[in-house]
Trainee: 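Let me give you the structure first, and then I'll get to my questions.
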Number of protein chains: 2
Amino acid sequence: MIRRPTILDVAARAGVSKSTVSLVLQGSKQVRPETREAVEKAMAEIGYVYNRAAANLRSASVGLVGLVINDLRNPFFTEFATSLQMALAAEGYATVIANSDEDAELQAKLVGSMIEHGVSALVISPAYGAASDTFDQLARTGLPVLQVLRKMDERTSIFPFASFDYASGSAKATRHLLEQGAASVAFVGGLPGRAITRERKSGWREVLKAEGIEEIALHGKSSRAFGMQAADQLMADYPDVDAALCFNDLVALGLMAGFARAERPVGSGFHVVGFDDIEEAAQSWPQLSSVACDISGFARDTAARLLHWMVEGQRPEPEFRSPVRLISRASSLGPTE
Amino acid sequence: MIRRPTILDVAARAGVSKSTVSLVLQGSKQVRPETREAVEKAMAEIGYVYNRAAANLRSASVGLVGLVINDLRNPFFTEFATSLQMALAAEGYATVIANSDEDAELQAKLVGSMIEHGVSALVISPAYGAASDTFDQLARTGLPVLQVLRKMDERTSIFPFASFDYASGSAKATRHLLEQGAASVAFVGGLPGRAITRERKSGWREVLKAEGIEEIALHGKSSRAFGMQAADQLMADYPDVDAALCFNDLVALGLMAGFARAERPVGSGFHVVGFDDIEEAAQSWPQLSSVACDISGFARDTAARLLHWMVEGQRPEPEFRSPVRLISRASSLGPTE
DNA sequence: CATAACTTTTGGATCGTTCCAATTCCAGCA
DNA sequence: TGCTGGAATTGGAACGATCCAAAAGTTATG
């Protein structure tokens, strides 16, 4: 196979210098239109493909953004990743998506690989685990890093953090459940001790405290499977509980499936509200009420924009919270028996 | 901000030449262990990070694989993408994942961008649309390209294609539904005219033909929403149909939700089998029978391996089909009223 | 018509690595 | 001691683009 043509070949063909070709490639407006056309014609004729590695070597800025997600299989994160990719594509950035699968070690490797590939910024929803040295190392590179949706650690905030205003969302949902007639609202799902669990519980806790209601929480993995299991546990151990605020929609869907299995379908007698409002929430039966985080809007308007600023050297606020809203559907609206 | 250290800085610090540092970086075994150690120590001390752009410029091979997916939001593809990424990571490749969102134009851009970034191979599940010129262009670059899960076009097979043996899977599922007592099995979902729809219908059609049963098919988008809509249509227009083979699990889940909404829960009186066996199938209520495509196994054992061969210059068979198996669960096992 | 002012084009240096041929090192042997 | 040959190390050229200062070309001005 013959070697790929370079700008020198293009230049020779078009009868100009390599510098001119370079200017055309960069879309400089100081080349004469006719010259530009000639160069473009030459490129097409010899099948020139731009060599970004060479360009990057000289010019540092790459237009490549790394995106490291802790669990890309979770639809919530998938939605975020794809939306962010599109938003960034519109601004001319290419995006590298990687899935750390909650593995801190793999995450460190992925981050390293991305830096090697010369990303000009990094968006990360971190995996849990002792990765604080990864972060220190990252900080030392001076790369713009935006932490999203999950905070590595309560105290540290080396990097700006963008997420949703979960606390007021959970307060809103809890109040709604009480208004619908619930006497006792359990919190289901979320691993204990994690920042995000604390956030999503905090509003619930506040409202319950204000109303003088006992706090009942079942913690566990944020999966459907745990939701089903929690349903059984609720029915067996807490017969008085007549509503649940779930850590996320997956748990809520599992919980509803568990109640359905026990022939006690959610809707009348038991109310459920989830978190995230994933697509499926509107398509389950009964339809699931959920605290909606407009994740694609967040990706587009918050994350992409913050990142853009950061790449341009601005320093955004250390913490940014997007508002959430409660979507009430059948799972929290039926009559209370 | 000071400039990033290079191998020259490392060399100076370690008291060796840049060439030696380069050898260490490449893991050459012809450097003395003590020298290697000294170099590694120096790298750690000054916080050296490898500049892959520079390396690529000189050495061509990059160890970067591009993965273009038509719909990354679909859990089936998400699973494939993440599994492939991990399998490739184990072989030392970095993976760039991109989502074309069924947009042929965007797909062309993404492919172009990946080539520019110097991927050494491309895995693509193509978007539909007039992108055949994209493919021609790709073919001209001589890059190893593996087409997966979806074929661009019935006739063309410029690139090797790997997918599942859908035809025998749908035959198996249809036979199973008949054995469970179904009198009439409808096919639900899948856009008409597409290769994959044809494949997933072909086994069903064969079995029905052999049994002399009328073919009833409702085509549409492969989404939950369509499944719900199809449930209404089935109940209204085809009261005799008592089983459905769905194009995929999303449609099947939507269909089941639709029946549930009409207070005719699937399980007794109506049987459903889906396709893909996504994680959710086992967690829905009733649990959904499905033609299981072991997508992560496929990614790991088929796609990753084929790709590896191709990168090494081998030419695999033009078409490869992985076997599928039927998982029967409650949605196709209850009594027929 | 000469000169200034501006636009367009150009050659050489440069980015940080790998490759290659050449050099240095060193143990073993006569 | 001097020589040999393999192992270890080295310096310079190369990769393909961008950047920059300077040259060439063009138009406007007095």
Side-chain angles (χ1 to χ4, degrees), chain A residues 1-40 42-43 46-64 94 112-113 115-120 141, chain B residues 1-40 42-43 46-64 112-113 115-118 120 141:
Chain A
M1 190 170 61
I2 46 167
R3 107 195 134 65
R4 264 160 58 151
T6 75
I7 54 167
L8 260 74
D9 302 310
V10 176
R13 174 112 193 174
V16 298
S17 80
K18 61 177 174 47
S19 304
T20 305
V21 177
S22 177
L23 287 174
V24 170
L25 282 173
Q26 291 166 83
S28 159
K29 56 184 173 246
Q30 72 167 329
V31 297
R32 224 163 17 130
E34 304 99 87
T35 314
R36 170 184 307 279
E37 267 169 45
V39 169
E40 278 165 354
M43 294 202 284
I46 64 179
Y48 169 76
V49 280
Y50 187 64
N51 183 332
R52 210 172 274 271
N56 294 347
L57 179 54
R58 187 67 180 93
S59 68
S61 95
V62 189
L64 184 66
S113 160
I115 296 176
E116 284 180 8
H117 275 101
V119 294
S120 35
T141 67
Chain B
M1 189 170 60
I2 47 166
R3 111 195 130 65
R4 264 161 56 153
T6 76
I7 53 169
L8 259 74
D9 302 311
V10 176
R13 174 114 193 175
V16 298
S17 80
K18 63 177 173 45
S19 303
T20 305
V21 177
S22 177
L23 287 173
V24 169
L25 282 173
Q26 291 166 81
S28 160
K29 56 184 172 248
Q30 72 165 327
V31 296
R32 224 161 19 123
E34 304 98 86
T35 314
R36 171 185 305 280
E37 268 170 45
V39 170
E40 278 165 353
M43 293 202 285
I46 65 179
Y48 169 76
V49 281
Y50 186 63
N51 182 332
R52 207 173 275 270
N56 293 347
L57 179 55
R58 188 68 181 91
S59 69
S61 96
V62 188
L64 184 66
S113 157
I115 296 176
E116 284 180 7
H117 276 101
S120 36
T141 66

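Both backbone and side-chain heavy atoms feed into the values below; hydrogens, waters and symmetry mates do not. Below, chains carry the letters A, B, ... as their sequence lines are ordered, and counting in each starts from 1.
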Trainee: Got A:Leu25 and A:Tyr48 here, is their nearest side-chain heavy-atom distance under 4.5 Å?
Mentor: yes
Trainee: Which nucleotide span of DNA chain D, 5' end to 3' end, has atoms closer than 4.0 Å to non-hydrogen atoms of chain B?
Mentor: D:dA8 to D:dG16
Trainee: Looking at B:Thr6 and B:Asp9, what are the two nearest heavy atoms and their distance?
Mentor: N-OD2, 2.8 Å
Trainee: Looking at five pairs on each end of the helix from C:dC1-D:dG30 to C:dA30-D:dT1, what is the angle between the two axes, given to 10 degrees?
Mentor: 60°
Trainee: Between CD of A:Gln30 and OG1 of A:Thr20, what distance do you get to the nearest 0.5 Å?
Mentor: 9.5 Å
Trainee: Which atom pair, heavy atoms only, marks the closest approach of A:Val16 to A:Val21?
Mentor: CG2-CG2, 3.9 Å
Trainee: Do B:Arg4 and A:Ile115 come within less than 4.5 Å of each other through their side chains, counting heavy atoms only?
Mentor: yes
Trainee: At their closest point, which heavy atom of A:Ala14 faces which heavy atom of A:Val39, and how far apart are they?
Mentor: CB-CA, 4.0 Å
Trainee: Are side-chain heavy atoms of B:Asn51 and A:Glu116 found at a separation under 4.5 Å?
Mentor: no
Trainee: Nearest 0.5 Å, what's the CD-OG1 distance between A:Glu40 and A:Thr35?
Mentor: 11.0 Å
Trainee: First and last nucleotide of DNA chain C in contact with chain B, 5' to 3', at under 4.0 Å to a heavy atom: what are they?
Mentor: C:dG16 to C:dC19
Trainee: So which atom in A:Ala11 and which in A:Lys18 form the shortest heavy-atom distance, rounded to 0.1 Å?
Mentor: CB-N, 3.6 Å
Trainee: Mind checking the CG-NZ spacing from B:Leu23 to B:Lys29? Nearest 0.5 Å is all I need.
Mentor: 12.5 Å
Trainee: Which atom pair, heavy atoms only, marks the closest approach of A:Leu57 to B:Ala54?
Mentor: CD1-CB, 3.5 Å
Trainee: Among residues 19-37 of chain B, which ones have heavy-atom contacts with DNA chain C below 4.0 Å?
Mentor: B:Ser19, B:Ser22, B:Gln26
Trainee: Could you tell me the separation between the OG atom of B:Ser22 and the CZ atom of B:Arg58, rounded to the nearest 0.5 Å?
Mentor: 10.5 Å
Trainee: For DNA chain C, which residues in residues 5-18 of chain A have a heavy atom at a distance below 4.0 Å?
Mentor: A:Val16, A:Ser17, A:Lys18
Trainee: Using modelled atom types only, decide if a donor and an acceptor are shared between the side chain of A:Arg36 and the backbone of A:Ser28 within a distance under 3.5 Å.
Mentor: yes
Trainee: Could you tell me which residues satisfy side-chain hydrogen bond (donor to acceptor under 3.5 Å, both in side chains) with A:Glu34, sequence neighbours excluded, listed by chain and number?
Mentor: A:Arg32
Trainee: Dump the intermediate steps for side chain to side chain contact (heavy atoms under 4.5 Å, CB included) on B:Leu64 and A:His117, then the final yes or no.
Mentor: CA-CA 10 Å; B:Leu64 184 66; A:His117 275 101; 3.8 Å; yes
